[in-house]
Amino acid sequence: MKNIFVLLFLLSLTACHLNKKNKEPNSAVQDSLLFHYKNSLSRDLELSKRKQEIDKAFVLVKKIPADSLYAQILYRKSNIHFALGQYDSLRFYNKLSLEHSLSTNNYRTLSYQYYLMGYYYSEVLHMSDSAFCNYNLSKNYFLKVQDSSRVGKNLVILGTIQKNQNDYFGSKETLTEALQYLNPENDQEFIARCYNTLATDHRKLFNYEDAISYYTKAIENSGSSNNKFAFQNNLATAYMDNREYEKAISLLGKISSDSLLVKDQKLYARVLDNLAYAKWLSGGSITERVFEKPLRIRSENKDSRGLIASYTHLMEYYGEGNPQKSKAYYDSVVRLSKKLKIPRAERDVLKHLMALEPNNVKVRDRYVFLQDSLYEQELRVKTQFAKYKYDDKLNQEAILRLEKENTERKLEVAQQRNQKLLSYGVAGFLTMISGFGIYYFVQRSRRFKQQSKTAKLEATYETEAELSRKLHDDFGGKLNHAMLLLQNGGATEEVLNLMDVLYNQSRNFSRKINDVDTGANYKQVLLGMMGNYCSNTKLIVTGSTEVDWAKISALTKKTLYRVLQELMINMQKHSGATLVSISFEQGAKTLKVDYMDNGVGATKEELNVKNGLWNTEKRILAIGGTVIFDSKKGHGFEAQIEISN
């Protein structure tokens with residue numbers, strides 16, 4: 001069913017990709033070019049004929065410099081080569097198309113081209129990571145051209161890839177985002193598919209009631225009878241997982257008697273097999289024959305994955321009554337799972353076999369090996385997907401930041417350069433003096449004893465913020481007066497250069513003491529701060545999306561920001577780490593934060609003399625939290641932080 005959705009999407013892309021005719025005077029070459037290009041889009045022609053037409057168009061387009069159809073022709077050639085299974089040619093023209101579209105900022109063609117390659121990596125090479133990257137790039141370019149519907153469709157596919165790789169939490173997040181972009185009027189089947197995949201995520205996470213709710217929504221939104229049958233079958237499996245066998249039997253019995261279902265033999269066999277399995281689980285008296293019919297249909301249709309399900313159910317059916325026959329079906333599952341490279345299927349049947357042969361050490365060891373291997377693979381994939389999404393977010397933020405900086409730079413050019421330099425110099429000089437004042441007041445405020453550590457920490461933050469505001473407000477009038485004096489009296493170039501350096505230093509100082517934004521943008525500010533310290537270090541952040549930041553107090557947010565800032569500074573200056581991992585976990589009453597890097601580490605004596613880490617501990621203790629440092633020389637550094645929500 002997934003393939004049908006994606007193929008329909010590819011066809012819609014191709015149909016919508018023909019732009020308006022070039023308004024330049026038509027020549028004979030242009031007329032021929034358009035004629036052959038339109039023929040290549042015709043579904044009435046065989047694929048081989050369409051290839052001949054697009055080849056002719058490609059030859060002609062090179063005779064017309066900067067023709068507007070060049071990008072479309074490259075994409076069309078890629079599409080036809082893919083359909084014909086000519087994958088070397090697909091990769092060649094994909095490269096040409098990407099290079100041309102990037103050089104001309106043709107975002108629409110880029111979105112189509114990356115989508116096509118995502119489908120190629122997913123369905124032909126079965127490389128989920130490469131498919132994820134290409135679909136994600138397609139989604140980003142559709143965002144640029146404001147095509148909301150196709151953004152949502154890409155997100156549905158991304159969520160499906162995450163689900164297939166057992167990243168159920170990540171899949172839920174992606175699919176929930178997809179629903180915000182899909183159009184209820186035009187994208188009903190993708191919405192139905194989105195709900196179906198969300199339901200499967202919840203089912204795999206043992207949230208059966210939510211799974212049943214989402215499967216029901218998928219059925220309500222689907223207009224395709226085949227899709228409805230598939231979603232109803234999935235709903236029945238959720239009923240079975242929730243031990244509601246009578247509901248499952250009733251639903252499967254109803255759809256199995258529908259004449260339309262028989263047209264799809266694979267789905268028909270799946271429904272019959274699940275119906276037999278549900279009756280057996282409910283304690284009903286059934287014979288092997290009810291399992292034989294779906295098994296025969298699957299064999300005739302060479303449905304290997306379906307055969308695994310049939311063999312597994314028969315293995316369970318004969319588990320106690322006929323262990324020898326059960327073992328034979330187990331062998332069939334193992335053989336097929338190895339052939340299809342589905343180790344999860346072998347692991348699942350090994351679990352049942354261990355119950356039959358509890359003393360079989362080889363079976364137990366094989367199960368443990370597969371369990372560990374699958375866990376490591378799933379963990380690696382989840383981390384990889386999280387990194388893709390985080391890197392993508394950072395890239396988007398960087399692009400927006402660069403665009404903003406370019407706009408500001410254009411405005412600055414209009415100002416008088418000499419006046420700007422003088423203002424920088426005077427501002428630097430006055431800010432330096434103010435810095436000494438700030439240092440004095442901060443030191444003085446630390447000497448005042450409060451009745452509680454929390455009040456003391458709050459006062460320190462408020463003092464820093466107030467001093468930062470005074471730095472800009474109190475010296476505004478004096479700055480204008482000083483500029484006039486220097487303009488009239490003149491100054492040497494050396495003094496101006498010095499003032500410029502002082503200004504930059506003072507500006508950096510002002511940024512360091514500035515207050516923390518604890519509002520709606522807090523999470524972005526926190527992640528951005530940590531990312532700034534990792535220019536040569538990989539940073540992996542997990543769990544931040546699940547934290548309800550709105551429920552955490554402003555004081556706790558400020559403290560957490562400062563503590564993580566100090567840990568990142570310590571990492572950057574002392575550890576030499578290449579990887580930093582930070583995870584968030586919110587409980588009912590506490591927020592846990594685990595920090596870990598693979599740097600050089602430190603001895604206990606070194607930990608005791610690091611002022612930054614000492615300040616970190618003081619900040620956490622002042623708000624009633626706890627912090628534990630764990631480090632050995634040459635074995636990295638860890639910190640476990642726990643604070644109240």
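Computed over heavy atoms, backbone and side chain alike; hydrogens, waters and symmetry mates excluded.
- Between Lys77 and Asp55 there is a salt bridge, since at least one side-chain N of the basic residue sits less than 4.0 Å from a carboxylate O of the acidic one.
- Side-chain contact of His100 with Asn106: a donor-acceptor pair under 3.5 Å is absent, judged by distance alone.
- The closest side-chain donor-acceptor pair between Gln162 and Thr174 falls under 3.5 angstrom.
- Judged purely by distance below 3.5 Å, without hydrogens or angles, the side chains of Ser128 and Asn164 never pair a donor atom with an acceptor atom.
- In this structure, Glu300 places its CD atom where more than 12 heavy-atom neighbours from other residues, nucleotides or ligands lie under 6.0 Å away.
- If you look at Tyr119 and Phe82, their ring centroids are closer than 6.0 Å.
- Dense packing is recorded around OH of Tyr87, with more than 12 heavy atoms of other residues, nucleotides or ligands lying under 6.0 Å away.
- No hydrogens or angles considered: a donor-acceptor pair under 3.5 Å links the side chains of Tyr75 and Asn79.
- How far CD of Gln113 is from OG of Ser138: 10.0 Å, rounded to the nearest 0.5 Å.
- For Asp88, the salt bridge (Lys or Arg N to Asp or Glu O under 4.0 Å) partners at least two apart in sequence or on another chain are Arg91.
- The cationic group of Lys163 does not satisfy the cation-pi geometry with Tyr168, failing either the under 6.0 Å distance to the six-membered ring centre or the 45° limit from the ring axis.
- Contact annotation: the side chain of Asp147 approaches that of Arg108 to within less than 4.5 Å [non-hydrogen atoms, C-beta and beyond].
- Atom CG of Asn536 has 12 or fewer heavy atoms from other residues, nucleotides or ligands within 6.0 Å.
- Tyr195 and Glu220 share no side-chain donor-acceptor pair at under 3.5 Å.
- With hydrogens and angles disregarded, no donor-acceptor distance shorter than 3.5 Å links the side chain of Arg193 to the backbone of Val156.
- Among Leu34, Leu60, Leu74, the single residue meeting the side chain to side chain contact (heavy atoms under 4.5 Å, CB included) criterion with Leu69 is Leu34.
- Between His202 and Tyr214, the two ring planes are parallel [angle under 30°; tilted spans 30° to 60°].
- Atoms CG and CZ, from Leu261 and Arg270 in turn, are 9.5 Å apart once rounded to the nearest 0.5 Å.
- For the residue pair Ser149 / Asn183, no side-chain donor-acceptor distance below 3.5 Å is found, with atom types taken as modelled.
- In terms of modelled atom types and a separation under 3.5 Å, the side chain of Ser32 and the main chain of Val29 share no donor-acceptor contact.
- Asn140 is not listed as a side-chain neighbour of Tyr114, based on a closest heavy-atom distance of 4.5 Å or more.
- Tested against Tyr115, the residues Phe142, Tyr141, Tyr135 include a single ring-ring contact (aromatic ring centres under 6.0 Å, His included) partner, Tyr135.
- Ser310 and Arg298 are linked by a side-chain donor-acceptor pair at a separation below 3.5 angstrom, with hydrogens and angles left out of the test.
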